[in-house]
Amino acid sequence: MRVLRKVIRGLCYHHGLLSVVPDDQVWADVQRYEIPPGFFDEMTVAHSEPDIIEYRWTTLPEDELMHSVWRLRFFERTPFYGIVFRSADAMRHAVSVNGEAS
């Protein structure tokens, strides 16, 4: 998951969303649940090479804890998702409430 978080941090910079994202503000895991279709369809679609990495993201300007949500799929296989939080404290709060960590 460390590498996946690093990829998400780099994509944030690449797309001009945030300049520097510390690792302790990013949560990532294998996608275990479906993203609601309406939310999924509104995400921005991008890829490096479609058969290597396809990803989607959306920013959450109204959310106090989360900055953006990411969905990445490598080699047309396993999907992953990640969340970039507005701060390390916001991520710790969310993880303590949901009982998950990566």
Determine, stepwise, if the pair Met66 / Phe85 fulfils side chain to side chain contact (heavy atoms under 4.5 Å, CB included).
CA-CA 4 Å; Met66 296 184 287; Phe85 289 88; 3.7 Å; yes

Can you name the nearest heavy-atom pair linking Arg56 to Asp41, along with the distance?
NH1-CA, 4.4 Å

For Ser68, which of Ile8, Thr58, Thr59 qualifies under side chain to side chain contact (heavy atoms under 4.5 Å, CB included)?
Thr59

Least distance between heavy atoms, Tyr55 atom then His14 atom:
OH-CD2, 4.3 Å

With a 4.5 Å cut-off on side-chain heavy atoms, are Val84 and Leu17 touching?
no

Distance from Ile83 atom CD1 to Gln25 atom CD, nearest 0.5 Å?
13.0 Å

Side-chain touch Asp51/Phe75, heavy atoms, less than 4.5 angstrom
no

Measure from the side-chain N and O atoms of Arg9 to the backbone N and O of Val21, and report whether any donor-acceptor pair falls under 3.5 Å.
yes

Decide yes or no on side chain to side chain contact (heavy atoms under 4.5 Å, CB included) for Phe80 and Met1, but give the supporting numbers first.
CA-CA 9 Å; Phe80 296 88; Met1 291 305 126; 3.9 Å; yes

Looking only at heavy atoms, the pair that brings Val7 and Leu72 closest together is CG1-CD2, 3.8 Å

Would you check if Val26 and Met91 make a side-chain contact, meaning some heavy-atom pair closer than 4.5 Å?
no

Identify whether Tyr13 and Trp27 are in the same connected component of the hydrophobic contact network (ILVMFWY, side-chain heavy atoms under 4.5 Å).
no

Report yes or no: does Arg71 contribute a side-chain atom to a donor-acceptor pair with the main-chain N or O of Pro79 at less than 3.5 Å?
no

Mutual orientation of the aromatic rings belonging to His15 and Trp70 [parallel < 30°, tilted 30-60°, perpendicular > 60°]
tilted

Determine whether Lys6 and Asp23 satisfy the following criterion, side chain to side chain contact (heavy atoms under 4.5 Å, CB included), listing intermediate values before the conclusion.
CA-CA 7 Å; Lys6 189 169 191 162; Asp23 189 58; 5.9 Å; no

Would you say Val45 ends up clustered with Ile53 if hydrophobic residues are merged whenever their side chains have heavy atoms under 4.5 Å apart, either directly or through other cluster members?
no

What's the separation between atom CG in Leu65 and atom NE2 in His93, rounded to the nearest 0.5 Å?
5.5 Å

